[in-house]
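Here's the structure we're looking at; comments come further down.
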Protein chains: 2
Amino acid sequence: MSQKRQLLVDTALTLFYRNGINSIGINEILNVSGVAKRTLYAYFQSKEALVLAALQQRHDTFAAWLETVLTGAKSDEEVVLKLFSALESWFNGGESQLGDFRGCFFINTSAEFSDVNSDILRFCHHHKEATREIIARHLKSADGLLLDAICLMKEGAIVSAHLAGKNNLLRKGASTYCTLLQPKVPSKRWVSNT
Amino acid sequence: MSQKRQLLVDTALTLFYRNGINSIGINEILNVSGVAKRTLYAYFQSKEALVLAALQQRHDTFAAWLETVLTGAKSDEEVVLKLFSALESWFNGGESQLGDFRGCFFINTSAEFSDVNSDILRFCHHHKEATREIIARHLKSADGLLLDAICLMKEGAIVSAHLAGKNNLLRKGASTYCTLLQPKVPSKRWVSNT
DNA sequence: TGCGAGGTAGACAGAGTGGTCTACTTTTTT
DNA sequence: AAAAAAGTAGACCACTCTGTCTACCTCGCA
């Protein structure tokens with residue numbers, strides 16, 4: 001069956017996300033999961049193939065989460081509000097589907113690899129585009145600048161929450177800023193009218 | 001003399017920034033710089049000490065650059081405008097002091113290490129706080145939310161420009177958005193009045 | 001002329017890496 | 001009950017990693 005395969009991907013994702021991909025060796029994944037090395041190489045051609053499977057799984061999980069977060073928003077303001085309060089909940093460990101927060105797995109991963117044409121980096125780019133499109137689909141207005149601005153602040157919030165650490169004010173301050181700001185200032189005033 | 005030491009730090013910083021710290025071994029730094037291994041370990045106790053020296057040098061360079069960028073701004077709006085147009089120039093390779101753009105060295109580094117109490121991660125946090133204070137010093141208003149918002153968008157812009165790659169619209173769109181937005185909407189309206 | 005500081009070259013140790021392979025056991029299917 | 005499929009344990013290979021060590025060289029200075 002593919003139970004073992006799934007166990008490998010789950011374990012790999014957990015360890016990669018927590019520690020970074022280059023810091024985690026195949027043997028550690030095998031020790032933690034309890035799976036034999038032979039089995040791993042029956043399912044995956046190489047470590048890179050396992051990394052790609054972990055990225056894919058994380059993307060699926062994140063996309064599904066984001067979809068449910070944004071579903072039901074009645075206005076663009078509500079989209080922004082829902083998004084940033086969900087992000088804040090994630091930063092504080094309140095989104096069990098996403099696990100303990102340690103930044104964006106794809107940003108982290110792209111910091112570890114330099115070959116821009118590698119499958120791994122291409123997948124990271126793909127994730128960001130796909131995420132952007134999910135948000136776009138939930139917005140009423142087709143304003144590209146609004147979409148850009150939302151994505152920009154989303155990335156900034158994730159990175160800041162990660163790098164600022166737990167005992168830093170920026171974390172709560174910034175995300176509460178996001179939630180506070182939106183309902184007061186209309187998005188059209190806030191962004192477009194070039 | 002410390003010529004060799006400086007050469008080692010320069011080489012290490014270049015390679016670390018371009019490829020990630022865990023992807024670059026001591027031997028590669030030695031090959032590229034042409035320095036002997038014995039000499040490296042005469043100046044640095046370990047690879048970690050060399051990493052810290054590279055982080056320190058990058059921080060000094062970046063802080064000096066940011067200082068000159070923000071100097072002379074007459075208003076908070078101008079601070080924001082100067083900051084984001086300088087960032088955009090950096091993304092496009094136009095800031096020779098900072099070298100070729102490959103994201104934020106400190107964000108990238110913090111993705112590779114997981115021990116929050118390590119000297120390396122502590123230095124990355126320190127860099128972000130110091131950067132924040134440089135910006136704060138150049139702002140007229142003491143509005144913490146404005147400062148948070150600027151830092152948030154700054155991180156978002158850096159990360160997006162890095163991850164989106166060269167052929168992605170988000171890069172220019174987002175940064176030009178930053179520059180376009182600011183002079184039209186006053187910052188006080190844009191941020192505070194809780 | 002000699003000495004010492006600073007540097008070079010590179011062998012080496014010990015641990016760890018991704019990946020292959022043989023031999024064996026367990027589980028599932030027919 | 002027998003055969004086929006799936007998995008285990010771990011030795012092993014070739015390589016890389018950080019860090020140590022010996023032996024030698026090349027200057028400036030006295």
Side-chain angles (χ1 to χ4, degrees), chain A residues 1-57 108-109 111-115 117-121 123, chain B residues 1-57 108-109 111-115 117-121 123:
Chain A
M1 279 303 184
S2 60
Q3 297 162 307
K4 295 288 174 179
R5 200 196 115 102
Q6 189 59 47
L7 177 58
L8 284 169
V9 175
D10 289 343
T11 309
L13 176 53
T14 301
L15 293 177
F16 286 157
Y17 180 46
R18 186 180 305 153
N19 301 99
I21 291 172
N22 285 329
S23 301
I24 293 295
I26 289 292
N27 293 310
E28 190 151 357
I29 296 171
L30 297 174
N31 285 341
V32 172
S33 65
V35 176
K37 190 178 274 196
R38 193 73 208 273
T39 306
L40 187 153
Y41 282 98
Y43 286 118
F44 302 98
Q45 198 188 1
S46 62
K47 185 187 180 182
E48 185 181 355
L50 178 58
V51 170
L52 286 169
L55 287 168
Q56 179 71 60
Q57 169 151 309
N108 293 354
T109 297
E112 293 199 71
F113 299 88
S114 45
D115 179 6
N117 290 323
S118 69
D119 290 340
I120 288 177
L121 282 197
F123 192 93
Chain B
M1 276 306 186
S2 60
Q3 297 161 312
K4 296 288 175 178
R5 199 197 117 103
Q6 190 57 48
L7 177 58
L8 284 167
V9 174
D10 288 343
T11 309
L13 176 54
T14 301
L15 294 177
F16 284 157
Y17 181 46
R18 186 182 304 151
N19 302 99
I21 291 172
N22 286 329
S23 300
I24 293 295
I26 288 291
N27 293 309
E28 191 151 359
I29 296 171
L30 297 175
N31 286 339
V32 172
S33 66
V35 176
K37 191 177 275 195
R38 195 68 207 276
T39 307
L40 188 153
Y41 282 100
Y43 286 117
F44 302 98
Q45 199 189 3
S46 63
K47 185 186 181 183
E48 187 181 354
L50 178 59
V51 170
L52 286 169
L55 288 168
Q56 179 72 59
Q57 170 150 310
N108 294 353
T109 297
E112 294 198 71
F113 298 88
S114 45
D115 179 5
N117 289 322
S118 69
D119 290 340
I120 289 177
L121 283 197
F123 192 93

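Note that the coordinates shown come from a computational prediction; the quantities given were computed from them, not determined experimentally. Labels below follow one simple rule: chain letters A, B, ... track the order of the sequence lines, proteins then strands, and each chain is numbered from 1.
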Of the non-hydrogen atoms in B/K4 and B/V35, which two are nearest, and what is the gap between them? CD-CG2, 4.1 Å

Measure CG/B/L30 against C1'/C/dA9 and give the value in whole Å, please. 12 Å

Quick one, which residues of residues 8-20 of chain B touch DNA chain D with a heavy atom under 4.0 Å? none

Rounded to whole Å, the CG-C1' distance (A/L40 to C/dT20) equals 13 Å

At under 4.0 Å between heavy atoms, how does the protein contact nucleotides 17-23 of chain D? Give one character per nucleotide, 5' to 3', with B, S or -. -BBBBB-

Apply side-chain hydrogen bond (donor to acceptor under 3.5 Å, both in side chains) to B/S46 and list each qualifying residue two or more places apart in sequence or on a separate chain. none

With the side chain counted from C-beta on, respond yes when A/I120 and A/D115 share a heavy-atom pair under 4.5 Å apart, and no when they do not. no

Answer yes or no: does a side-chain N or O of A/T39 lie under 4.0 Å from OP1 or OP2 of D/dA6? no

With sequence neighbours left out, write down each residue that passes ring pair (Phe, Tyr, Trp, His ring centres under 6.0 Å) with B/F16, or none if nothing qualifies. none

Interatomic distance, A/I29 CD1 vs C/dT17 P [rounded to whole Å]: 11 Å

Using whole Å, report how far CD of B/Q3 lies from P of C/dG7. 8 Å

Residues in side-chain hydrogen bond (donor to acceptor under 3.5 Å, both in side chains) contact with A/S118, at least two apart in sequence or another chain: none

Distance in angstrom units between B/N31 CG and C/dT8 C1', rounded: 13 Å

Nearest heavy-atom approach of B/S114 to B/L121 is C-CD1, 4.2 Å

Where is the tightest heavy-atom contact between B/R5 and B/A53, given as atom of each residue plus distance? NH2-CB, 4.3 Å

Answer yes or no: does a side-chain N or O of A/Y43 lie under 4.0 Å from OP1 or OP2 of D/dA6? no

Scan for side-chain hydrogen bond (donor to acceptor under 3.5 Å, both in side chains) pairs involving residues 27-38 of chain B, sequence neighbours excluded, and state none if there are none. B/N27-B/K37

Separation of C/dT26 P from A/K4 NZ (nearest whole Å): 13 Å

Hits for side-chain hydrogen bond (donor to acceptor under 3.5 Å, both in side chains) against B/D10, two or more places apart or cross-chain, chain-then-number order -> B/Q6, B/Q57

